[in-house]
Structure formats: C-alpha cells, structure tokens
Chemist: 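The following block contains the structure, expressed as structure tokens.
Hydrogens, waters and symmetry mates play no part in the numbers below; they use all other heavy atoms, side chains included. Along the sequence shown, residues are numbered consecutively beginning with 1.
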Amino acid sequence: MITKQLAHVCVYSHDLAQAETFYVGGLGLTKCFNFLKEGAWVGLYLSCGERTFVEVFLHDEAPIARSGQVNHLCLEVEDWSCRGLVPLL
C-alpha cells in the first residue's frame, strides 16, 4: 500500500467560532492558524496530532456552500509515480 496516512480533510461551517469550540474545546484538536482573506477570518487549520489536520472554512468562502459537507480529503502517499499512476489534474 502506498498510502501512508490521511494528511488532511476539509469541511465547511456556517459558524467558525462554534466550529473552533467543537474541534478545539470539545475534541481537543490544536489550532495551528487562521485563514484570512483581506483581513477577514474565513477558516482555521487544526492539528489532529503528528501530520494529520482538519481545515474548516466558512461556508461563504467555499466553492460548495453547504455547512458540514466534506470538500476533500488528502492522503499522504509514498512515491506514486513508481506504480505507474497518473495524477488527476
């Protein structure tokens, strides 16, 4: 298997403060930093330990504006090119 671990998952929220309370205060994740766009708070980056993270974006800043929906997940992998895989761009 070339997959090492889940690198990150990206979710949307209608309320970043409430999401921070849930993930940091409730689940104990560590806040790494905020995402800012033109000085406005639009997301947060949270550590689940080691090299696994959760990105939470304000739903208005997301391409698909549905709160709670998973936008994407990112898998950390070994060198996939040696297996003849082609990235989807």
Chemist: Does E20 form a side chain to side chain contact (heavy atoms under 4.5 Å, CB included) with W41? I'd like the steps, not just the answer.
Modeler: CA-CA 12 Å; E20 183 174 357; W41 186 30; 3.5 Å; yes

Chemist: Nearest heavy-atom pair of H14 and L58: which atoms, and what distance?
Modeler: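 Minimum heavy-atom contact is O-CD1, 3.6 Å.
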
Chemist: Would you check if the side chain of T21 reaches a backbone N or O of A17 as a donor-acceptor pair within less than 3.5 Å?
Modeler: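 Judged by distance alone, yes, a pair lies under 3.5 Å.
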
Chemist: Taking all non-hydrogen atoms of both residues, which atom of F57 and which atom of C10 are closest, and how far apart?
Modeler: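 The answer is CD1-SG, 3.5 Å.
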
Chemist: Tell me the closest heavy-atom pair linking L29 and C48, and the distance in Å.
Modeler: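 Shortest heavy-atom separation between L29 and C48 comes out as CD2-SG, 3.6 Å.
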
Chemist: As a quick check of understanding, evaluate side chain to side chain contact (heavy atoms under 4.5 Å, CB included) for L16 and V56, giving each step before the final call.
Modeler: CA-CA 8 Å; L16 291 176; V56 182; 4.0 Å; yes

Chemist: Quick one: pull up OG1 in T52 and NE2 in H8 and give me the separation to the nearest 0.5 Å.
Modeler: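 Result: 11.0 Å between the selected atoms.
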
Chemist: Return the OH to NZ distance between Y23 and K31, rounded to the nearest 0.5 Å.
Modeler: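 The OH atom of Y23 sits 14.5 Å away from the NZ atom of K31.
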
Chemist: Could you report the tightest heavy-atom contact between C32 and L46, atom names first, then the distance?
Modeler: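 Looking at all heavy atoms of both residues, the closest pair is SG-C, 4.3 Å.
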
Chemist: From Y45 OH over to F53 CZ, what is the distance, rounded to the nearest 0.5 angstrom?
Modeler: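 Result: 5.0 Å between the selected atoms.
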
